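Because the structure is a prediction, the values reported are computed rather than measured.
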Amino acid sequence: MSMGIILRDEELVQYAVDCELNSRDALDLIEGIILMEGQSPYYREPVEIPPADGEIMDRYRHFSLGGHYGDYVTLPGRGLQYCGLSSAILVTLGEMGRLNGADLYGWTAPSGEGIILPLMYYADFYIEKTTLIKSGFYAGEDDRINSNDTATFCLWEVAACRFPDEVKFRRVLGANERGSMTLHLLGPVTLTHGR
(Lines give C-alpha, C1' and ligand atoms only; values in the text may rest on other atoms or scores of the structure.)
Protein backbone atom coordinates (compact mmCIF):
# COMPACT_ATOMS: atom_id res chain seq x y z
CA MET A 1 0.00 0.00 0.00
CA SER A 2 2.73 2.45 0.91
CA MET A 3 4.65 1.61 -2.27
CA GLY A 4 1.54 2.32 -4.36
CA ILE A 5 1.02 5.62 -2.54
CA ILE A 6 4.62 6.73 -3.06
CA LEU A 7 4.54 5.72 -6.74
CA ARG A 8 1.06 7.26 -7.17
CA ASP A 9 0.00 3.93 -8.59
CA GLU A 10 -3.73 3.78 -7.85
CA GLU A 11 -3.98 0.23 -9.16
CA LEU A 12 -1.31 -0.97 -6.73
CA VAL A 13 -3.01 0.85 -3.85
CA GLN A 14 -6.32 -0.79 -4.77
CA TYR A 15 -4.57 -4.17 -4.94
CA ALA A 16 -3.24 -3.59 -1.41
CA VAL A 17 -6.52 -2.31 0.03
CA ASP A 18 -9.24 -4.44 -1.58
CA CYS A 19 -8.62 -6.83 -4.47
CA GLU A 20 -9.97 -10.32 -5.12
CA LEU A 21 -6.56 -11.31 -6.53
CA ASN A 22 -4.86 -10.42 -3.23
CA SER A 23 -5.83 -12.81 -0.44
CA ARG A 24 -3.99 -10.63 2.12
CA ASP A 25 -5.23 -7.17 1.29
CA ALA A 26 -5.95 -4.62 4.03
CA LEU A 27 -9.59 -5.63 4.37
CA ASP A 28 -8.61 -9.29 4.68
CA LEU A 29 -6.03 -8.32 7.31
CA ILE A 30 -8.58 -6.38 9.37
CA GLU A 31 -11.08 -9.21 9.18
CA GLY A 32 -8.51 -11.94 9.81
CA ILE A 33 -6.46 -10.52 12.65
CA ILE A 34 -9.36 -9.23 14.77
CA LEU A 35 -11.25 -11.87 16.72
CA MET A 36 -14.95 -11.75 17.47
CA GLU A 37 -17.01 -13.50 20.09
CA GLY A 38 -17.80 -17.01 18.89
CA GLN A 39 -14.81 -17.22 16.54
CA SER A 40 -11.96 -19.63 17.08
CA PRO A 41 -8.65 -18.19 18.31
CA TYR A 42 -5.29 -19.42 17.05
CA TYR A 43 -5.66 -23.18 16.84
CA ARG A 44 -2.51 -23.93 18.86
CA GLU A 45 -3.50 -22.04 22.01
CA PRO A 46 -3.25 -24.71 24.73
CA VAL A 47 -6.11 -23.32 26.83
CA GLU A 48 -9.56 -22.64 25.43
CA ILE A 49 -10.53 -19.11 26.37
CA PRO A 50 -13.26 -17.77 24.10
CA PRO A 51 -12.27 -14.47 22.46
CA ALA A 52 -14.12 -11.23 23.02
CA ASP A 53 -15.03 -8.80 20.27
CA GLY A 54 -11.90 -6.90 19.25
CA GLU A 55 -9.23 -9.18 20.64
CA ILE A 56 -6.35 -9.74 18.26
CA MET A 57 -5.12 -13.09 16.99
CA ASP A 58 -1.65 -12.28 18.40
CA ARG A 59 -2.94 -13.09 21.86
CA TYR A 60 -1.48 -16.57 21.24
CA ARG A 61 1.90 -15.05 22.11
CA HIS A 62 0.84 -15.28 25.73
CA PHE A 63 2.01 -18.91 25.46
CA SER A 64 5.34 -20.53 24.67
CA LEU A 65 4.69 -22.24 21.34
CA GLY A 66 7.31 -23.89 19.18
CA GLY A 67 7.50 -24.95 15.60
CA HIS A 68 6.52 -21.79 13.73
CA TYR A 69 9.82 -21.55 11.87
CA GLY A 70 12.02 -24.56 12.40
CA ASP A 71 13.05 -24.64 16.05
CA TYR A 72 11.77 -21.13 16.86
CA VAL A 73 9.72 -20.89 20.05
CA THR A 74 7.61 -17.83 20.86
CA LEU A 75 8.56 -16.19 24.13
CA PRO A 76 5.66 -16.40 26.59
CA GLY A 77 3.99 -13.46 28.29
CA ARG A 78 3.98 -11.20 25.23
CA GLY A 79 0.40 -11.42 24.04
CA LEU A 80 -0.47 -7.88 25.10
CA GLN A 81 2.72 -6.49 23.56
CA TYR A 82 2.05 -8.05 20.17
CA CYS A 83 -1.63 -7.12 20.26
CA GLY A 84 -0.44 -3.53 20.78
CA LEU A 85 1.90 -3.84 17.83
CA SER A 86 -0.86 -5.22 15.60
CA SER A 87 -3.18 -2.41 16.76
CA ALA A 88 -0.51 0.10 15.72
CA ILE A 89 -0.25 -1.58 12.31
CA LEU A 90 -4.03 -1.38 11.88
CA VAL A 91 -4.00 2.32 12.78
CA THR A 92 -1.11 2.89 10.38
CA LEU A 93 -3.23 1.28 7.65
CA GLY A 94 -6.12 3.50 8.70
CA GLU A 95 -3.95 6.61 8.42
CA MET A 96 -2.54 5.67 5.02
CA GLY A 97 -6.04 4.97 3.78
CA ARG A 98 -7.47 8.18 5.25
CA LEU A 99 -4.85 10.29 3.51
CA ASN A 100 -5.40 8.51 0.22
CA GLY A 101 -9.14 8.23 -0.14
CA ALA A 102 -9.80 4.84 1.50
CA ASP A 103 -11.87 4.99 4.69
CA LEU A 104 -10.44 1.99 6.52
CA TYR A 105 -11.43 3.46 9.89
CA GLY A 106 -15.06 3.38 8.86
CA TRP A 107 -15.00 -0.03 7.17
CA THR A 108 -16.64 -2.95 8.94
CA ALA A 109 -16.37 -6.57 7.82
CA PRO A 110 -19.58 -8.56 7.32
CA SER A 111 -18.79 -10.41 10.57
CA GLY A 112 -18.30 -7.11 12.46
CA GLU A 113 -14.53 -6.56 12.57
CA GLY A 114 -13.31 -2.97 12.32
CA ILE A 115 -10.23 -1.02 13.36
CA ILE A 116 -12.00 0.57 16.33
CA LEU A 117 -12.75 -2.77 18.03
CA PRO A 118 -9.25 -3.73 19.23
CA LEU A 119 -8.69 -0.14 20.33
CA MET A 120 -11.87 -0.35 22.41
CA TYR A 121 -10.93 -3.74 23.83
CA TYR A 122 -7.31 -3.02 24.77
CA ALA A 123 -7.80 0.56 26.03
CA ASP A 124 -8.98 -0.73 29.40
CA PHE A 125 -5.60 -2.34 30.11
CA TYR A 126 -3.91 1.04 29.68
CA ILE A 127 -6.51 2.82 31.79
CA GLU A 128 -6.54 0.33 34.67
CA LYS A 129 -2.83 -0.61 34.27
CA THR A 130 -3.49 -4.22 35.10
CA THR A 131 -3.97 -7.44 33.16
CA LEU A 132 -6.34 -8.87 35.77
CA ILE A 133 -9.39 -7.54 33.95
CA LYS A 134 -11.77 -8.86 31.32
CA SER A 135 -11.23 -12.62 30.96
CA GLY A 136 -7.86 -12.50 32.74
CA PHE A 137 -6.29 -14.00 29.61
CA TYR A 138 -3.26 -11.68 29.76
CA ALA A 139 -2.62 -12.19 33.49
CA GLY A 140 1.06 -11.84 34.34
CA GLU A 141 1.80 -9.43 31.51
CA ASP A 142 1.56 -6.22 33.54
CA ASP A 143 5.14 -5.40 32.59
CA ARG A 144 3.94 -5.06 28.97
CA ILE A 145 1.61 -2.18 29.78
CA ASN A 146 3.23 1.13 28.87
CA SER A 147 6.71 -0.34 29.15
CA ASN A 148 7.93 -0.56 25.57
CA ASP A 149 7.79 1.38 22.35
CA THR A 150 5.34 -0.97 20.66
CA ALA A 151 2.61 0.32 22.96
CA THR A 152 3.35 4.04 23.11
CA PHE A 153 0.66 6.61 23.40
CA CYS A 154 1.01 7.48 19.75
CA LEU A 155 -1.60 4.78 19.18
CA TRP A 156 -4.01 6.32 21.68
CA GLU A 157 -3.35 9.87 20.46
CA VAL A 158 -4.46 8.83 16.99
CA ALA A 159 -7.41 6.83 18.33
CA ALA A 160 -8.61 9.88 20.28
CA CYS A 161 -8.24 12.04 17.19
CA ARG A 162 -9.94 9.68 14.72
CA PHE A 163 -12.73 8.65 17.07
CA PRO A 164 -13.38 11.90 18.96
CA ASP A 165 -16.72 10.75 20.40
CA GLU A 166 -15.14 7.77 22.14
CA VAL A 167 -14.40 8.86 25.70
CA LYS A 168 -12.36 5.73 26.47
CA PHE A 169 -9.42 6.88 24.32
CA ARG A 170 -9.22 10.20 26.13
CA ARG A 171 -9.29 8.26 29.40
CA VAL A 172 -6.19 6.31 28.30
CA LEU A 173 -4.40 9.57 27.62
CA GLY A 174 -5.52 11.08 30.91
CA ALA A 175 -4.41 8.03 32.90
CA ASN A 176 -0.81 8.19 31.70
CA GLU A 177 2.08 10.62 31.37
CA ARG A 178 1.83 11.21 27.65
CA GLY A 179 4.83 13.50 27.33
CA SER A 180 7.23 11.02 28.89
CA MET A 181 6.83 8.35 26.22
CA THR A 182 9.30 7.93 23.39
CA LEU A 183 8.18 8.09 19.79
CA HIS A 184 8.01 4.91 17.77
CA LEU A 185 5.86 3.48 14.99
CA LEU A 186 3.20 6.18 15.08
CA GLY A 187 5.38 8.98 16.42
CA PRO A 188 5.15 11.27 13.39
CA VAL A 189 1.37 10.87 13.40
CA THR A 190 1.27 12.12 16.97
CA LEU A 191 3.21 15.21 15.97
CA THR A 192 0.90 16.03 13.09
CA HIS A 193 -2.49 14.81 14.27
CA GLY A 194 -2.34 14.27 18.03
CA ARG A 195 -4.20 16.19 20.70
Side-chain angles (χ1 to χ4, degrees), residues 29-30 33-39 41-42 45-65 73-95 105 112-195:
L29 173 67
I30 293 168
I33 201 168
I34 298 172
L35 298 171
M36 300 293 285
E37 187 176 327
Q39 290 180 341
Y42 185 60
E45 287 185 8
V47 179
E48 285 198 25
I49 298 176
D53 289 349
E55 271 191 282
I56 289 185
M57 183 69 73
D58 286 306
R59 74 183 206 153
Y60 78 83
R61 294 175 186 268
H62 182 72
F63 304 107
S64 175
L65 300 175
V73 177
T74 59
L75 295 175
R78 295 183 181 229
L80 199 57
Q81 174 184 343
Y82 277 93
C83 290
L85 174 60
S86 291
S87 297
I89 290 169
L90 290 172
V91 168
T92 301
L93 275 175
E95 285 300 296
Y105 284 124
E113 296 90 345
I115 290 176
I116 193 172
L117 289 182
L119 300 173
M120 293 290 293
Y121 181 82
Y122 291 103
D124 294 324
F125 293 97
Y126 298 90
I127 294 167
E128 302 297 329
K129 298 183 183 149
T130 181
T131 55
L132 299 176
I133 58 174
K134 306 214 177 211
S135 68
F137 181 91
Y138 304 93
E141 294 189 32
D142 285 4
D143 62 333
R144 299 293 167 190
I145 298 174
N146 304 339
S147 66
N148 61 69
D149 285 341
T150 60
T152 64
F153 294 101
C154 300
L155 175 64
W156 305 109
E157 296 279 357
V158 178
C161 190
R162 297 297 163 244
F163 302 101
D165 295 334
E166 184 46 60
V167 175
K168 188 180 279 193
F169 304 143
R170 290 193 301 280
R171 288 185 61 211
V172 172
L173 297 174
N176 295 276
E177 295 180 32
R178 296 155 67 181
S180 67
M181 297 297 157
T182 58
L183 299 178
H184 187 54
L185 296 177
L186 289 167
V189 179
T190 300
L191 295 175
T192 56
H193 300 291
R195 294 185 188 198

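Taking a cutoff of 4.0 Å between a charged side-chain nitrogen and a carboxylate oxygen, Asp124 and Lys168 qualify as a salt bridge.
Rounding to the nearest 0.5 Å gives a distance of 11.5 Å between CZ of Arg162 and CD1 of Ile115. To the nearest 0.5 angstrom, Ile56 atom CD1 is 10.0 Å from Leu117 atom CG. Taken to the nearest 0.5 Å, the CG atom of Asp165 stands 10.5 Å off from the CZ atom of Phe163. The line from CD of Glu55 to CD of Gln39 is 11.0 Å long, rounded to the nearest 0.5 Å. Atom CD of Glu113 and atom CD1 of Ile33 lie 11.5 Å apart (nearest 0.5 Å). A distance of 10.0 Å separates NE2 in His62 from CG in Leu80, rounded to the nearest 0.5 Å.
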Q. Yes or no on side chain to side chain contact (heavy atoms under 4.5 Å, CB included) for Leu93 and Leu29, after CA distance, side-chain angles and deciding distance?
A. CA-CA 10 Å; Leu93 275 175; Leu29 173 67; 3.4 Å; yes
Q: Evaluate side chain to side chain contact (heavy atoms under 4.5 Å, CB included) for Glu166 paired with Leu119, printing each intermediate quantity in order.
A: CA-CA 10 Å; Glu166 184 46 60; Leu119 300 173; over 6 Å; no
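The shortest heavy-atom contact between Ile145 and Lys129 is CD1-C, 3.8 Å. Closest approach of Tyr105 and Glu95 over heavy atoms only: OH-OE2, 2.7 Å. Nearest heavy atoms, Ala52 versus Tyr121: CB-CE1, 3.6 Å. Residues Ala159 and Phe169 approach most closely at O-CD1, 3.5 Å, considering heavy atoms. Smallest separation of non-hydrogen atoms from Gly79 and Glu141: N-OE1, 3.0 Å. Nearest heavy atoms, Pro118 versus Ile34: CD-CD1, 3.8 Å.
Judged purely by atom type and a 3.5 angstrom limit, Thr74 uses its side chain to pair as donor or acceptor with the backbone of Phe63.
Annotation: cation-pi geometry not satisfied between Arg144 and Tyr138 (NZ/CZ under 6.0 angstrom from ring centroid, within 45° of ring axis).
For Glu37, the side-chain contact (heavy atoms from CB on, under 4.5 Å) criterion is met by Asp53, not counting sequence neighbours.
Using cut-offs of 30° and 60° on the angle between ring planes, the pair Trp156 and Tyr126 is tilted.
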